[in-house]
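If you read the sequence from its start, that first residue is 1, and numbering goes on from there. Just so it is clear, the structure is predicted and the values come from calculations on it, not from any experiment.
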Amino acid sequence: MPTPRFLVLNRTFSLFLILIFQSFNSQAQKHMITPAALQKGDTVAIVATARKYTDNNLKPAIDLLHSWGLEVVIGKSIGLDNNQLAGTDEQRTADFQTQLDNPNIKAIWCVKGGYGTVRIIDALDFTQFKQNPKWIVGFSDITVLHNHLNTLSYKTIHGIMPVTAPRATAEAKETLRKALFHEPLRHEISSDPMNRIGKAKGELVGGNLSILYSLFGSPSAIDCNDKILFIEDLDEYLYHIDRMMMNLKRNGCLESIKGIVVGSMTKMKDNDIPWGKNAVQIIEDVTKKYNIPVIYNFPAGHIQDNRALVLGSTVSIEVTPVKSTLKFED
């Protein structure tokens, strides 16, 4: 019969092996898959996963893709009208699934955000996508896809959409082109007085704050551990921003991140009795206890200068009193 000392040693060794396996498994899960770089002649599909697009004015977006040497396919969800949404959930799912499964489609460009992508995410089958990964591009409500694909270990592009292309800055368009074609991508901006000085390196995750908040607790929720968190938002009450930031704090997300990049907080609203802080001040108030670099007023989100971010990539950020730099390492 084994002695108690032997049992203790055996259990200790077993626990050691388990920890080693978990650490190895965790490292293995961190490997993010990069869709292939676009080449001239490749085809991009434009689809609607959320709000309807019935304006029939995609020419600026199509012309932009053509100027990059790309071909365009217009999905069947474009032009559909089901109250606020671009057709029924089944129609939007079917269109997106068709583009996912088609090996000739090298990127899917979501036409606009709004609301509705979360209604189709659980019906999508990514089996063929995993065999033939392609870029998924968009922002705002498309954060659902960004986060879900991050959990599956695939990179995506947070950037302008066809509906915003006509008013997007030249820089926003050019950074999207660079991201799609795998050209070096680096953002350097003037420092904001609210910034927190420092350096950090990690995987870039995030997107629209309201969507991030809504996905926590679901299979599409991101893992914040050792990540650089990007957030932006539009048309929210200030106390909602506080509530969402408190949620990030209470679920441990802010405890484990290495840095924060705050994009535009556009068209914020207040109540008759003011909240007392603007959106940036709310974020600063919730995050000030953490010793991490923070970039405020980063050019991404619901603004014309919505520069492309490759979510899932390893990035390094450096914040100095003069400038802030975000560089993509892979």
So does Lys52 pair up with Asp81, basic N to acidic O under 4.0 Å?
-> yes
Hey, is Lys155 close enough to Asp330 for a salt bridge, meaning N to O under 4.0 Å?
-> yes
Within a radius of less than 6.0 Å around CZ of Arg119, do more than 12 heavy atoms belonging to other residues, nucleotides or ligands occur?
-> no
Specify the closest pair of heavy atoms between Gln99 and Ala45, including all atoms of both residues, with the distance to one decimal.
-> OE1-CB, 3.5 Å
Considering all heavy atoms, the nearest Asn82-Thr88 contact = ND2-CA, 3.8 Å
Is Arg250 atom CZ crowded by more than 12 heavy atoms from other residues, nucleotides or ligands, each under 6.0 Å away?
-> no
Quick one: does Thr143's side chain have a donor or acceptor within less than 3.5 Å of a partner on His146's backbone?
-> no
Which of these passes side chain to side chain contact (heavy atoms under 4.5 Å, CB included) with Arg196: Val319, Ile260, Ile292?
-> Ile292
Does Asn247 reach the main-chain N or O of Tyr213 with its side chain, forming a donor-acceptor pair under 3.5 Å?
-> no
Electrostatic pair Glu183-Arg177, nearest N-O below 4.0 angstrom = yes
Under 6.0 Å between ring centres, would you say that holds for Tyr154 and Phe129?
-> yes
Under 6.0 Å from the CG atom of Asn271, do we count more than 12 heavy atoms belonging to anything else shown?
-> yes
